[in-house]
2 protein chains.
Amino acid sequence: MTNITGDQALVKRINTSIILDTIRQQAPVSRAKVSKLTGLNKATVSNLVQELCNNHLVQEIGPGQSSGGRKPQLLLFNGQAGYAVGVELRVKQMTAVLTDLEGRILAEDDTALEEHDVQTVTSLMVGMIHGLMRQAPPSPYGIIGIGIGVPGMVDEDGTVLFAPNLGWEMVPLQLQLENELGLPVTIDNEANAGAQGELRFGAGQDARHLLYISAGSGIGSGIIINGELYKGARGYAGESGHMSIEADGRECTCGNRGCWELYASEKSYDNKNGILPSKNTSELVHHAELGHQETIRHFEELGRYLGVGITNLVNGFNPQSVIIGGPLSDARPWIEETLQQVVAQRTLPYHRELMEIRFSELGSRSTMIGAAYSAISQFLGPVRVSMPTN
Amino acid sequence: MTNITGDQALVKRINTSIILDTIRQQAPVSRAKVSKLTGLNKATVSNLVQELCNNHLVQEIGPGQSSGGRKPQLLLFNGQAGYAVGVELRVKQMTAVLTDLEGRILAEDDTALEEHDVQTVTSLMVGMIHGLMRQAPPSPYGIIGIGIGVPGMVDEDGTVLFAPNLGWEMVPLQLQLENELGLPVTIDNEANAGAQGELRFGAGQDARHLLYISAGSGIGSGIIINGELYKGARGYAGESGHMSIEADGRECTCGNRGCWELYASEKSYDNKNGILPSKNTSELVHHAELGHQETIRHFEELGRYLGVGITNLVNGFNPQSVIIGGPLSDARPWIEETLQQVVAQRTLPYHRELMEIRFSELGSRSTMIGAAYSAISQFLGPVRVSMPTN
DNA sequence: ATAACTTAGTTTAACCAATAGACAAAGTAT
DNA sequence: ATACTTTGTCTATTGGTTAAACTAAGTTAT
C-alpha cells in the first residue's frame, strides 16, 4: 500500500509527461499550441520544453507558418534519441526488431528454433539482440531497453510461469537477460505485447479501451483499459482462449471443456483429420486461395466461432474496438465475413454502436513492436493522474 | 484529451486524499503513524490533518497508549460529517437506505412497485428519498448526495439507456432527480453498484481486482479494476449474463444463443415447467429447505452452470476474488458445492491460486450501499496517481 | 510606409506546498 | 534526577507553477 505521494518533483514529472505526449501526438507543434492544448502556462511549457531539448528528447525544427503574428518555432519528438529491441519468441521461430522510440523498424532478424531448453533459447536470443544492437546508429541514449513477448503466462517480475508450447515452467527470464545484457528487460505475454503494439503504433491508436485477440496455435487476448495494459491480479489476465463456449464440449488440456481455442484456433485443425489437406495455417491459406472447398468451409466455420467468443468478450467488456491479430489473421478473406455477421447478430445493440472490429495493422510484427514499446514506455516513464467520477 | 495538469493544488489534493484514506482504514491512528505509513513528512501530515479537522472530516479522540515517549493523539475519520441516501430500483420493489459516510445504515425503507412508468417511479422515489433525508441527524454537511442502482444499462451522464424489465429506454434519470432534489445524484447499473458496495464495505475490502456476480432475474457483473469500477467504453461493461456458454444453445431475447443467464439465473426456471413447484427463488428456497428433490437438483445444476461462467470470467480477468450476490445467493446451501467444484476443476491452475470465491456479505443490501458509496465517493473526491510499469 | 494589431516566446516576481531540521511537549526507563 | 523516546509543531528553505509584463517578430489597414 505504498502510495505515491505528491510533491513538486511529481508535479514536474506529470507535466513533463503531458507535454512530451502532446508533442509526440501533435507534432510538429509550437510551444504556444502545447500550452493551449494542455492548459499549462506558457512559461511552464517553455521551461519544460527547454529541459526536454537538453535531454535530446525534443528538437526544434525551425519556424512554421505565421497566423497573423510572430512565427511559431515548431517542435518534434526526437524518436532517434535512443533505440529499443523487441523480440518475439514463438514455438518454431524467434524474431526480433530494432526500433526507434517511435516504433519505426530499423532492422529485423529471425531464426528457426528447434530446441526449447532455456539455455539454448536464451543464448540464441542474446546473440540476436547483440546483433541488432550493433546496427543501432549513434544516439544520445543508445539502446534503452529490451522487450520480449513470450507464448505463456508471465508474472510481475518477468518470470515465465508457464509456457506449455515451449515446455517452460518458472523461468526467471527477465533476471537472466538483465544480468547477461546489462540493460532493462521487460517480459510480456505475446498477446499483451501485441495489444500494446497495435494500441501505440497500429490499428488501435485512438482507443482507450481495446481488446486484442491473438489467434494462432491457441487464442490469447490483450486487454487495454484506460490506455493501459490490464494484467490482472497476478499478471495472468487474457487467457480468453480457455473460455468455454460449449459448457459440455470437448475436453481441453487445461481442465476445462469446450474451450474457445478448440474451435477457433489452429487447434480446430486436429478434428478434421483427412478432410483438411494440412495442419498448417499458411499452407491452408494457400489451398484456400486455390479454391479448396473444404478448407474454405473450415475457415468460415472458424470465423463463426471467433465471432461467438468475441461477442462474449464484447458483451462483458464493452471495448471501443477489437483487433484481430496472430497467424490466423492471414486467413482474413475467408473468416471475416462470417465473423462480422455473427458479431452483428449476437452482440447487444448498445455495445455494437461505435464499436469496431478490425484486423491487425502491424501483422506478424505487432508482438515484437509491442514488446519494444514496453521497453520504450519504461524509459519515457509515463505518469497518469486519474480522478474517478464514481 | 484534456488531461489533468500538475500544480500545487493537485499535490495538496493527492496528499489530503492519501491521508484521509489512511485514517479511514487504520483508525484510530496518530499523526506520527500516518506519516510513517504514507511516507509524508510529519509537518505535512500535521498541516493537512489540521485542515481535515477544520472541515469536520477528521476528529481527535484523545491520547492513546505511549510506546516509550509522548502519547499519540488518536485520529478518527468522522463518518457522521454527512449522510448519503442509496436506492435500489428493482422490478417489483424499491428499497433505500440512509447511510453515514462509512456506509453504516441509519434507516431503511422499501415499497412495492406495481407500475413502471417513469413519472410514477420517480415521484415515488423522490418521496422515499425525502423521507430518509428527514431522518438524518444534524451534521456539518447534511445530505451529501444520492446514489441509485437500476436494473439496466446506464451511460456516463446517468441516463438509463435500456432497462428491459422496467420497459425503460433513454430515461435521463440523473438530470431529472438532480433537478427535483437539488443534490448530486449518481446512477449506476445494479451490479456495478453491488460491486462497489462489497468492495468498500463487504466481502471484497482487500481486493484490487474484483468480480461481482449479481444473479437474479438475469446475471449482471460488476468489474473492479485497480480498486475502481470499470465501466467500459460507453458505460455498458458487465453484461456478462449474455456471454454464450452454448454456442448453439437456446435463443435469447438479446439476439445471442446459449446465454449464461438462460442456464444460471432465474430464467432457468422457465424450462422446468411442471417439474419445479414454483418460479420464485424464495419459494424454491423454502421447498429446498423442506427437502424437495427436484428443486435441490435444479439448484445444483444451476450452481454448476454458474461455475462454468465464472470459470470463463476468471480465466479472462484473473481477479483476486469473485463475489456472488443477488437474489440467487439465498440458494447458497445448494449451489455452492457444485459451483466451487466446477471452478476448481476447470479454472487454469495459476488463476486459481490466491483466488477466492465468496458470497456477498451485505446480502440484499449491497446494491443500495454501493449506490450510496458512489455519492460518498464523489463527495470525498478521491485522486489516484499511477505509474504503470509497462 | 507607418501605425495598429496579433501571435510566440521569455523574464520577473509572487505564491504556495512539501521538506529537513530544530524544537517543544510529554511520556518511559534506569 | 537523568537520559532516552516518541509525538507533534515551528521555521527557513527549496523548487515548482503562475500571472503579468515584456520582448520579438510577424500581419493588416490606412
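This one's a predicted model, so the numbers in the text were calculated from it and none came from an experiment. Order of the sequence lines sets the chain letters (A, B, ...), proteins ahead of strands, with each chain counted from 1.
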Novice: Using a cut-off of 4.0 Å on non-hydrogen atoms, how would the nucleic acid contact of A:Thr44 be classed: base, sugar-phosphate, or nothing?
Specialist: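 Base contact - A:Thr44 has a heavy atom under 4.0 Å of at least one base atom.
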Novice: Measure from the side-chain heavy atoms of A:Ala32 and tell me the nearest of C:dA8, D:dT18, C:dT19.
Specialist: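 Closest nucleotide among those given: C:dA8.
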Novice: According to a strict under-4.0 Å criterion, is A:Asn15 in side-chain N/O contact with OP1 or OP2 of D:dT17?
Specialist: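 For D:dT17, OP1/OP2 do have a side-chain N/O of A:Asn15 under 4.0 Å.
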Novice: By the definition side-chain contact (heavy atoms from CB on, under 4.5 Å), identify the one residue from B:Thr16, B:Ile23, B:Thr22, B:Asp21 that meets it with B:Ile19.
Specialist: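 For B:Ile19, the side-chain contact (heavy atoms from CB on, under 4.5 Å) test succeeds with only one of B:Thr16, B:Ile23, B:Thr22, B:Asp21, which is B:Ile23.
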Novice: Of all the heavy-atom pairs spanning A:Glu178 and A:Val185, show the shortest one and how long it is.
Specialist: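 Taking every non-hydrogen atom into account, OE2-N, 3.0 Å.
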Novice: Rounded to the nearest Å, what distance is computed from the NZ atom of residue A:Lys71 to the C1' atom of nucleotide C:dT6?
Specialist: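 Checked: the NZ to C1' distance equals 15 Å.
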Novice: If you pin A:Gly39 and A:Ser66 to their nearest nucleotides in DNA chain D, which one's is more 5'?
Specialist: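 Comparing both residues, the 5'-ward one is A:Gly39.
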Novice: May I have the distance from B:Asp7 (atom CG) to C:dA17 (atom P), rounded to whole angstrom?
Specialist: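 Whole-Å distance recorded here is 10 Å.
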Novice: Which heavy atom of B:His56 sits nearest a heavy atom of B:Ala81, and at what distance?
Specialist: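 Minimum heavy-atom contact is O-CB, 3.3 Å.
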Novice: How close or far is atom P of D:dG8 from atom CG of B:Leu40, stated in whole angstroms?
Specialist: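 So the CG-P distance, B:Leu40 to D:dG8, works out to 15 Å.
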Novice: Tabulate atom names and distances for all N/O pairs under 3.5 angstrom spanning the protein and nucleotides 9-14 of chain D.
Specialist:
from  : atom 1 : to      : atom 2 : distance (Å)
D:dT9 : OP2    : B:Ser46 : OG     : 2.0

Novice: Only distances under 3.5 Å count here; give the side-chain donor-acceptor pairs of residues 99-106 of chain B to other protein atoms, sequence neighbours excluded, each with its distance to 0.1 Å.
Specialist:
from     : atom 1 : to       : atom 2 : distance (Å)
B:Asp100 : OD1    : B:Glu102 : N      : 2.8
B:Asp100 : OD1    : B:Gly103 : N      : 3.1
B:Asp100 : OD1    : B:Arg104 : N      : 3.0
B:Asp100 : OD2    : B:Gln80  : NE2    : 2.8
B:Asp100 : OD2    : B:Arg104 : NE     : 3.3
B:Glu102 : OE1    : B:Arg104 : NH2    : 2.6

Novice: In this structure, how many angstroms lie between the C1' atom of C:dA26 and the CD atom of B:Gln73, rounded?
Specialist: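 Atom-to-atom, B:Gln73 to C:dA26, this comes out as 10 Å.
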Novice: Can you check whether A:Phe317's main-chain N or O pairs, donor with acceptor, with B:Tyr230's side chain at less than 3.5 Å?
Specialist: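 It does hold such a pair.
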Novice: Using a 4.0 Å heavy-atom cut-off across all strands, classify A:Ser67 as base, sugar-phosphate, or nothing.
Specialist: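 A:Ser67: backbone/sugar contact only, no base atoms under 4.0 Å.
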Novice: Of the nucleotides D:dT17, C:dA8, C:dA17, which one has an atom closest to the side chain of B:Lys12?
Specialist: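 Comparing D:dT17, C:dA8, C:dA17 against the side chain of B:Lys12, the answer is C:dA17.
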Novice: Mind checking A:Leu74 for me? I need base, sugar-phosphate or nothing, with any heavy atom below 4.0 Å counting as a touch.
Specialist: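 If one applies the 4.0 Å heavy-atom cut-off, A:Leu74 turns out to touch nothing in the nucleic acid.
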Novice: Measure from CG on A:Leu10 to P on D:dT17 and round the result to the nearest Å.
Specialist: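 Rounding to the nearest Å, CG of A:Leu10 and P of D:dT17 are 11 Å apart.
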Novice: Taking B:Gly149's backbone N and O only, do any of them form a donor-acceptor pair with B:Asp188's side chain (distance below 3.5 Å, no angle check)?
Specialist: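 Here the side-chain-to-backbone pair does not exist.
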Novice: Does B:Lys33 put a side-chain nitrogen or oxygen below 4.0 Å from OP1 or OP2 of D:dT7?
Specialist: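 False: B:Lys33 side-chain N/O out of range (4.0 Å or more) of D:dT7 OP1/OP2.
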Novice: Is A:Glu198 reaching over with its side chain to a backbone N or O of A:Glu361, donor-acceptor style, under 3.5 angstrom?
Specialist: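 Yes: the side chain of A:Glu198 pairs with the backbone of A:Glu361.
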Novice: In whole angstrom, give the distance that lies between atom CD1 of B:Ile19 and atom C1' of C:dA17.
Specialist: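 Roughly 12 Å, once rounded to whole Å.
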Novice: Using the side-chain heavy atoms of B:Val11, tell me which of these nucleotides is nearest: D:dT18, D:dG26, C:dA17.
Specialist: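 Between D:dT18, D:dG26, C:dA17, the one nearest the side chain of B:Val11 would be C:dA17.
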Novice: Considering just the side-chain nitrogens and oxygens of A:Lys36, establish if one lies under 4.0 Å of OP1 or OP2 belonging to C:dT7.
Specialist: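 False: A:Lys36 side-chain N/O out of range (4.0 Å or more) of C:dT7 OP1/OP2.
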